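Sequential numbering from 1 along the given sequence is applied to the chain's residues. Every value quoted in this text rests on a predicted model; they were computed, and no experiment measured them.
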Amino acid sequence: LWPWLLASSGLSALVQLVTLPFFPDSPSYLLIQKSNEEAFRKAIRKLWGEGDHQAEIDDIMKEKAAMASTKSLRVLEVIKERSLRWQLYILMSVITTLQLCGINAIYFYSFEVFHTAKFEEYLIPYVSLGVGLCECLSSILCSTLIERFGRKMLLWGGYTLMCFILALLTVTLSLQHQFFWMHYFSVILIFLFVIFYGIGP
């Protein structure tokens, strides 16, 4: 079953490969990158139908004008540019915390935690699949929550709850040989950690 499950991801790639030539190019791409105004208007009619789309066309025209007046910076120029310093710090902080938040360790050790929790050997891959499904569903939930609470709130809340869960997980893993129910609590914490990771960072 697992080889078929692994191969199933190739099915979506195949569908995309076959259907992609039939999709029209993006109007903004045709105007901004290709500078082809005729193809741009044709793509708008194809995507949005006949009608008055002048407001959208004006927006894309403004975007093209703004991009024409903006100078592209090299990496070293971005680092040296004082006006971009805070944006660079924020970006580096988010990327660094994302890499060091512990999600890779959770995925790496989850099999061992599930095994210690006395799950049957044949069930462990399915429980691991459930962890991945939790991340997928929480990412979908995040797209609805971000409009309501904002990115900053979700980042702060997600990282705070993840820190709290990692601290609890450290305690439960340390005490798992003294209390039999600690194994199951560790499993619950793994699922919660992955959910908050999907919602926050």
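- Contact check for Pro125 versus Leu129: no side-chain heavy atoms found under the 4.5 Å cut-off.
- Atom CD of Glu81 is surrounded by more than 12 heavy atoms from other residues, nucleotides or ligands within 6.0 Å.
- To the nearest 0.5 Å, the span separating NE2 on His183 from CG on Leu175 amounts to 11.0 Å.
- By the criterion of side-chain heavy atoms lying less than 4.5 angstrom apart, applied directly or through intervening Ile, Leu, Val, Met, Phe, Trp or Tyr residues, Ile60 is grouped together with Tyr29 in one hydrophobic cluster.
- Phe149 and Ile195 fall within a single hydrophobic cluster, where Ile, Leu, Val, Met, Phe, Trp and Tyr are joined by side-chain heavy atoms under 4.5 Å apart, directly or via other members.
- Hydrophobic clustering keeps Ile199 apart from Ile140 (ILVMFWY residues linked when any side-chain heavy atoms are closer than 4.5 Å, directly or through intermediates).
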With side chain to side chain contact (heavy atoms under 4.5 Å, CB included) as the criterion, how do Phe23 and Leu47 come out once you've worked through the C-alpha distance, each side chain's angles and the decisive distance to 0.1 Å? CA-CA 10 Å; Phe23 283 100; Leu47 288 169; over 6 Å; no
Side chain to side chain contact (heavy atoms under 4.5 Å, CB included) between Ile103 and Phe193, worked out: CA-CA 8 Å; Ile103 189 68; Phe193 183 88; 3.8 Å; yes
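- Shortest non-hydrogen contact noted between Gly200 and Arg151 is O-NH1, 3.2 Å.
- Taking CZ of Arg41 as the start and CG of Asn36 as the end, the distance is 11.5 Å to the nearest 0.5 Å.
- Without hydrogens or angle criteria, Thr96 side chain to Ser93 main chain gives no donor-acceptor distance under 3.5 Å.
- Among the candidates Val187, Ile188, Val194, the single residue satisfying the side chain to side chain contact (heavy atoms under 4.5 Å, CB included) test with Phe191 is Val187.
- Looking at every heavy atom in both residues, Ser28 comes nearest to Ser26 through OG-OG, 3.0 Å.
- Atom CG of residue Leu169 and atom CG of residue Leu173 lie 4.5 Å apart, to the nearest 0.5 angstrom.
- In this structure, the separation between CD1 on Ile165 and CD1 on Ile190 is 11.0 Å, given to the nearest 0.5 Å.
- Criterion: ILVMFWY side-chain heavy atoms under 4.5 Å apart, direct or through other members. Under it, Val131 and Leu192 are part of a common hydrophobic cluster.
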Can you list the steps and then say if Met182 with His177 is a side chain to side chain contact (heavy atoms under 4.5 Å, CB included)? CA-CA 8 Å; Met182 280 292 181; His177 298 295; over 6 Å; no
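- Across all non-hydrogen atoms, the minimal contact from Ser138 to Gly198 is OG-CA, 3.3 Å.
- When all heavy atoms of Leu30 and Ala39 are compared, the pair lying nearest together is CD1-O, 3.4 Å.
- Atom OH of residue Tyr197 and atom OH of residue Tyr159 lie 7.5 Å apart, to the nearest 0.5 angstrom.
- Between Val15 and Thr19, the closest heavy-atom pair is O-OG1, 2.8 Å.
- With hydrophobic clusters built from ILVMFWY side chains whose heavy atoms lie under 4.5 angstrom apart, Phe196 does not share a cluster with Leu145.
- Remark: Lys42 NZ to Asp25 CG distance equals 11.0 Å, nearest 0.5 Å.
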Between Leu166 and Ile106, is a side chain to side chain contact (heavy atoms under 4.5 Å, CB included) present by the stated rule, with each step listed? CA-CA 9 Å; Leu166 281 178; Ile106 289 289; 4.1 Å; yes
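- Residue Phe185 places its CZ atom among 12 or fewer non-hydrogen atoms of other residues, nucleotides or ligands, all under 6.0 Å distant.
- Nearest heavy atoms, Pro27 versus Phe40: O-CD1, 3.1 Å.
- Ring orientation note: the planes of Phe179 and Trp181 are tilted relative to one another, at an angle of 30° to 60°.
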